[in-house]
Amino acid sequence: MGDLLDKGSAWLESQRTLHMTRDVTYARGIITAVVKATIGRTEYETDDGQVVRTEFTDRDFLISVADLILNGTATLPEEGDQIREVQGSSVLIFEVMGWRYSDPYRRTFRLETKHVGTENL
Amino acid sequence: MSVMTDVADAIVAELNAATLSQPVNAVRSYLPQYKLTEMQTLHVTVVPKGIVLANPDRSRSQADYSFDVAVQKKFSTGSNEELDVLTDLVQDIVSFLRNKRLDSFPNAVWMKTELPLLYAPDHMDQLRQFTSVLTLTYRVIQ
């Protein structure tokens, strides 16, 4: 009968990719790939540095493991990678600060990013 | 203007006029708060911190003024080469201000510079940003 939960997870992942994603550009240096991403938690925060404080926006992206192919090779995310998301006439640039698998079957990456810049289209 | 702000402005002027390993555009601020999106460029901020008063003798008063100087920049790769440049700048600032009389406030005498932690590890880890805060103390006797 196989692992029913595994099959269910695969189906859910396919539905997420089909119905709950938008195209973003994943970049590592000059290597880029367009991938489908689900926007996760987005929060505006301020760190509690005692002398100097930094405001930032946290945003999580969910990306299918199978979609993250750079230069023709399946790859794991790395800190410093960037996700470029078009919003209106702007491109929001998010930097990967960390990542983990989002599901027990390792089909989806949850990328923890911070907004580091904005460019005009 | 108070001595506190005068000395802070004098430190800002010295840093902006100095020839360091890279040019800086220091500013004085009471509560430095920047957006991460602004941190691709170097920020050097002088923050008035506190005063310790004492009487060196019966006729004079002595005040030790302390200031935090924050050096901040978002890094991209986090390689040693990239971070070494910022560490060099911090070291430059430390060396430049050591024993230096402030041109626009010569009555303030440099007493010490403290840098107990070269950089903030939480900023390094969570923001991929270099943040270094050193504390300067200047003595003014009146």
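Per chain, numbering begins at 1; letters A, B, ... match sequence-line order.
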Per-residue contact mode, A:Tyr44 against chain B (heavy atom under 4.5 angstrom): side chain
Side chain, backbone, both or neither of B:Lys35 within contact of chain A (heavy atoms, under 4.5 Å): both
Evaluation steps, side-chain contact (heavy atoms from CB on, under 4.5 Å), between A:His115 and B:Thr37: CA-CA 7 Å; A:His115 183 209; B:Thr37 48; 3.7 Å; yes
I'd like to know if B:Val12 and B:Tyr138 are part of one continuous hydrophobic network [Ile/Leu/Val/Met/Phe/Trp/Tyr, side-chain heavy atoms within less than 4.5 Å]. yes
Identify whether B:Val71 and B:Leu115 are in the same connected component of the hydrophobic contact network (ILVMFWY, side-chain heavy atoms under 4.5 Å). yes
B:Gln72 portion near chain A, given a 4.5 angstrom heavy-atom threshold: side chain
B:Tyr119 atom OH, over 12 foreign heavy atoms within 6.0 Å: no
side-chain contact (heavy atoms from CB on, under 4.5 Å), that's the test. Do B:Arg128 and A:Glu79 meet it? Break it down for me. CA-CA 9 Å; B:Arg128 291 172 53 79; A:Glu79 290 182 5; 3.7 Å; yes
Are B:Leu20 and B:Val46 connected in the hydrophobic side-chain network, where two residues link if heavy atoms are under 4.5 Å apart? yes
Derivation and outcome, side-chain contact (heavy atoms from CB on, under 4.5 Å), residues B:Gln40 and A:Val116: CA-CA 8 Å; B:Gln40 312 287 348; A:Val116 296; 3.6 Å; yes
Joint hydrophobic cluster, B:Met4 plus B:Tyr30, side-chain heavy atoms closer than 4.5 Å: no
Same apolar cluster: B:Tyr65 and B:Val47, side chain cutoff 4.5 Å: no
Is the number of heavy atoms from other residues, nucleotides or ligands within 6.0 Å of NZ (B:Lys112) greater than 12? no
Is any side-chain heavy atom of A:Thr54 closer than 4.5 Å to one of B:Gln129? yes
Where on B:His123 is there a heavy atom nearer than 4.5 Å to chain A: the side chain, the backbone, both, or neither? side chain
At what distance, to the nearest 0.5 angstrom, does CG of B:Asp125 lie from CE of A:Met97? 10.0 Å
Contacting moiety of B:Thr77, where chain A heavy atoms sit under 4.5 Å: neither
Under 4.5 Å heavy-atom distance to chain B, tell me which part of A:Thr46 shows up: side chain, backbone, both or neither. side chain
Going through the distances and angles, do A:Glu55 and B:Leu36 end up as a side-chain contact (heavy atoms from CB on, under 4.5 Å)? CA-CA 6 Å; A:Glu55 303 168 34; B:Leu36 188 61; over 6 Å; no
